Each structure stands twice: as C-alpha cells, then as structure tokens.
Amino acid sequence: MGGEAQNYAVSFRLAAHLACVDTPPGVRYALKFTLHDELQQTGPDDLLMAEDKLPTRAQDFSEWYNQLVLKAQLADYAPVRGCMIVRPYGWALWENMQQALDRRFKATGHQNVAFPLLIPRSFIDKEKHHVEGFSPELAVVTIGGGEELAEPLVIRPTSETIIGHMWSKWIQSYRDLPVLMNQWNSVVRWELRTKLFLRTLEFYWQEGHTAHATREEAEAETIQMLNAYADFAITDAAIPVIPGKKSDAEKFAGADVTYSIEAMMGDGKALQAGTSHFLGQNFSQAFEVKYLDQNGQLQHCWTTSWGLSTRVVGAIIMVHGDDQGLVMPPKLAPYQVVIVPIFKTDEEKKTVFETARKLKAELAKADVRVTLDEREGQSPGWKFNDWEMRGVPLRVELGPKDVAKQSAILARRDRPGKEGKVSASLADLPTTIQKLLLEIQQSLHDKALAFRKSNTHDAKNYDELKKAVENGFAYSFWCGSAECEAKIKEETRATMRCIPLEQDGASGKCVYCTQPAKSKAIFARAY
RNA sequence: CGGGACGUAGCGCAGCCUGGUAGCGCGCACGCUUGGGGUGCGUGAGGUCGCGAGUUCAAAUCUCGCCGUCCCGACCA
C-alpha cells in the first residue's frame, strides 16, 4: 500500500497547522486564520480542513516541494523504490522543454538517433574511469528468457560505450566527421537517496554524442552545447544559470573536462541543471574509434557528450514556485492561460460559456496554449486556487458582468492577489495576453536573478564562506587543489559547484589555504 | 549501508497499551444549495487492517520473521 504517501502527510498536517500560525495577516489568509481558531476549539480532527494547503517554503522547503509535485499532478511515486511516474501535466512541461532544446540541437546540425537500453557489461569495463564511476550504480540483467545469460547486460546509465562501439564501425575517414548525434531516452542509475525529478533511479533526458577530427573542434562543440543549455535555461525556463567548469572531483567519470550550468534554488541550494563533457580521446581509445586523416595517418577521434534531464523540471519548481504553488514560465507552461467561467443561472452559464469558448478558440489561433475550466461542481474561487497551485501564468476570469461589458479580468500568477488583476477588453485580448506572457517570462527571470544575486556572497575568507553557504552561494578564490576542495566539503557540506567561465581576471588568495589563486569558484550546498 | 519514523477505504488518520461485530475526516457518486478568492446540507458506495508464521476459543491489536515507503546521514556526471 501507499506507505510513501503517509509520512509526508503526517508532516504536512503539522506543516499546515504551523502555516496557519506563521502566516502573516492579510485578505487571502483570512480563511486559514478562521480555521486555526476553529481548530483550537474543536480539536485536532478539524486540521483536516487545512489538509489541501501546502506547507510554506520557509517552514519546510523539502516538504513543500514533495507535496507540490504530487498535488500539482506533475508526478507520483512508482511502486518501485526511487522511481517516478511522470503524469500528463509534468510530461507536457517536459515535452515543451524537449521541443525548446531539440530546436537548438537541430539548428546546430545534430540528428536524433535511438540506441538500445541494454549494454553488454564488458563495454562498461573498457574505459577505466567510467567503470569506477558507474559500477556501484548499475542495474544488471543476468537472466533472459528464463536462462542465465552468458554475459550480463547492464541497463544503460548513459550510452558513451555502446555508441563508441558502433562508431568504431561507422567512422573510417576524416570525411565521416564530425558525427553529431543526440538521443531522447531514459537511463537508470541505482541511486541510494532519491527525490522526485531531482534524483530517481530512472530518469528522462537527452544525451548528445559527437565525434570530431580535432581536439579544438571537440572543445568548441562542448562549449557550444553548454551555451545552448544556458540559453535554454535563461530564455525558456527563465532560470539564470552560471556556466562553468567542474573540478576533477565533481566531473563525469571518463571525461577530461566537465562543464555545467549551475542554478540557485529557492532555498539557496545549488542544482546542476545541465552538463557538457569534453571526453578527449578516452572513449575513442577504449573503443578504437579511429579515422584516417588527410595525410593517411590513423587518428583517434575526439568526442563529447552532453545531457540535460527532467531534473530541470525540479529546478523550475524550486526556482519559480511560491507558497501558493507552482509558477510556470510562460514559454514552457503546459497551459499559458486558463479561462475560469463564472455564472449563477443557466442563462448566464450559456452566455458566459459561449463567450469563453469563442475566446479560447481565438487564443488558440494566436498560438496561446489555453484551457477552459469547464469542470462542474467547483466554485470559481476553488478553481482560482487550483490553477494557481498548478502554476498557470495567466488566468482569465469571465463572468456575466464581463460579457456585458465585453471585457475580462486578467490575473497574473507572478503577482498574487488583487494587484495582479487588470480588466481588459475582449476585442484585443489575444494581443494583451501575448504581451503579458512575455512580461511575466521576463519578470520571472529577473526575480530569480535578483534572488541569486542577493544570496551570493564574495566570500573573502573561510569564515565568510561558511556563512555564505548556509543559505546561498559563496563566490571565492580557490587555488585549485583537491585537498582544499575536500576540506571545504567535509567541514561545510558545500561542494565546488563550478569555476565560472566568466572571470573578472583578478587574482587573490585561496579561501581555504590562502595560497595564490587565479580564479574564483562557486561553493554551495547542492542537490 | 547506519540512525529515525511508519504501513488500517482512493488520500490522511484513530483504534493497538488493556485481544471480542473495523471507525472518523477528506475525496468520490447522487440530490438540493451555492457560485466574482478553497460554499453549505442530506443520502450513498467503498476495507484480504503490508506479507508470512506463531500464541489464543478468538489477532488490526500480543510475539517472531520478511517486504515496502519516507526522513536524516553516508553515497551521488
């Protein structure tokens, strides 16, 4: 049975109760206070009334996240530990992300492919670092068709090996290069500690794989795709990110250099939102991916790989979400606009729906992703809250008074309460809405960037670093030594997130050992 | 893998200590009411009490074992 669901609800109950106490007074919280007062009089059972409220982020960020994913119907726990089921609303968001990314991949000459789920165990063993990195988290198939397999198969944790194997057959000449491929799939890594979207045993992603004739070209590809991810995060997901280089301790097993984009979540923790690896010749040597160059010399290819996963769904939740629930960036939102009809009598219902359906068609025609909430039995107020929780960027409230005036109320999700509401005429609603959506997109990004800035500190010494990573990023000089990095991690639980590619060129003293340091790095506690 | 919590209706819980006909709320279905910020009332459907042994006339309840989930840590491109 759903034991997984029980515990969060236990704490949620408490959380809901505490939320009643902690929430500052205001119009929209009046109900909560009323409930709380009743609770005091009538006993704990009436807490049930508050059960569909979220905990606040300040009170329990982790619980807020867990609840929200389930309540907004983005995903649910699968019957297998650590696995998730992505529900239609969550998958619709992922599909929009896929499209936004796929566009960029195609524009830079990549083609989509599909490699198999099962990989011979021996393939993993061929690249030394890769084995070390992945062995503990492999799922292995040993029986097929009721028979013990001669060679165990692993469920792909990533596809470098099998792709390398095939490339060795396909690539012979410099004329065959570059090879620019990408695949959308899922991979399995046996993680010990899981959280919906952020770390699950199986997760959905894309993995790009490319092979090049020269180191320079492969390095340029690595950076190009890192930039594509950054552009996607900033312009489509409205998430400001820091592109940078990983330390040896944090890089991908098998890569020469790993780059990532790092984002700050609403609790000040860091999340690696995409990675791009320069693999050097590690895999081409292990799998003998070779080509004959213009001079008739046999050369090993230079390869790259890069990936971005459904983890970014988690980032969108944790960056933009507020105490009312999700806030979807308009460019990726499954629904950009929801129309909530308001009526009393059957006659009103008829005219309101007529106008609402017409409006929906017009918006759809203007390429706005719109839904009309035709559910029976729920009051408009209930629907307002429901769609706010689900993060729809813009709500259109349409009632008899509006139809009479040929106008509608627009409510912005990013500006809660009455301030976010304006009246707009029906005639030019599509234009007004398109403009508003762009505004919301921009304001989400700006707000997230302002938040990151205010929680990032140029920590000049170790004490300042310790303080900074309590609830944000420390941006500090680092000498580059693994020892300093390890000590910092051990003593503060903060890891070296990345060395930002953009540096101001100054040099200083390592935040830990005070030895000369040439570049600054981001340190933070991370998901 | 260590520490903690838990598993009873779709969901959240009570019942267990002290064994004796399985309960409450939400949700769901139906009806009325209400509807511009989480309406109110009534009626109704819904459960192998995680699984397996044991003790007992009798087990949701006591004993043992197993399985599973969540949280904290360790671990984690």
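Not measured: the values here are computed from a predicted model. Letters go in sequence order (proteins before strands), and every chain restarts at 1.
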Pick out the pairs of N or O atoms, protein on one side and nucleotides 28-32 of chain B on the other, that lie under 3.5 Å.
none

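Using a 4.0 Å heavy-atom distance criterion, A/W387 is classed as making no nucleic acid contact. Counting non-hydrogen atoms under 4.0 angstrom, A/P400 reaches a base of the nucleic acid. Among the atoms of the strands shown, none is found under 4.0 Å from any heavy atom of A/K246.
Side-chain atoms of A/K421 come within donor-acceptor range of the base of B/G37, with a qualifying N/O pair under 3.5 Å.
Among the nucleotides B/A74, B/G38, B/G36, the one closest to any side-chain atom of A/D402 is B/G36. For A/Y77, counting side-chain heavy atoms from C-beta on, the closest listed nucleotide (B/C76, B/G37, B/C70) is B/C70. The listed nucleotides are B/C76, B/G35, B/C71; the one nearest the side chain of A/F343 is B/G35. Comparing atom distances between the A/R199 side chain and each of B/U39, B/C76, B/G35 picks out B/C76 as nearest. With B/G35, B/U39, B/C70 as the candidates, the nucleotide lying closest to the side chain of A/W382 is B/U39. Closest to the side chain of A/K344, out of B/G36, B/C76, B/G35, is B/G35. Considering only side-chain atoms of A/E191, the nucleotide from B/G36, B/C76, B/A74 that sits closest is B/C76.
Using modelled atom types and a 3.5 Å distance limit, the side chains of A/R156 and A/T158 yield no donor-acceptor pair.
OP1 or OP2 of B/G73 sits under 4.0 Å from a side-chain N or O of A/R493.
Using a distance-only test at 3.5 Å, with no hydrogens or angles considered, no donor-acceptor pair links the side chain of A/S159 to the main chain of A/I162.
Straight-line distance between the C1' atoms of B/U61 and B/G25: roughly 23 Å, to the nearest whole Å.
With a cut-off of 3.5 Å on both pairing distances, the Watson-Crick or G-U wobble partner of B/A5 is B/U69. Applying the Watson-Crick and G-U wobble criteria (two distances, each under 3.5 Å), B/C26 pairs with B/G10.
Take A/W190 and apply the side-chain hydrogen bond (donor to acceptor under 3.5 Å, both in side chains) test, not counting sequence neighbours, and it matches no residue. Every residue was checked against the side-chain hydrogen bond (donor to acceptor under 3.5 Å, both in side chains) condition with A/Q336, not counting sequence neighbours, and none meets it.
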Checklist entry - Run the side-chain contact (heavy atoms from CB on, under 4.5 Å) check on A/T210 and A/W306 step by step: do they pass? => result CA-CA 9 Å; A/T210 68; A/W306 24 278; 4.0 Å; yes
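When each of A/K246, A/R311, A/E250 is checked for a side chain to side chain donor-acceptor pair (under 3.5 Å) with A/Q272, only A/K246 meets the rule.
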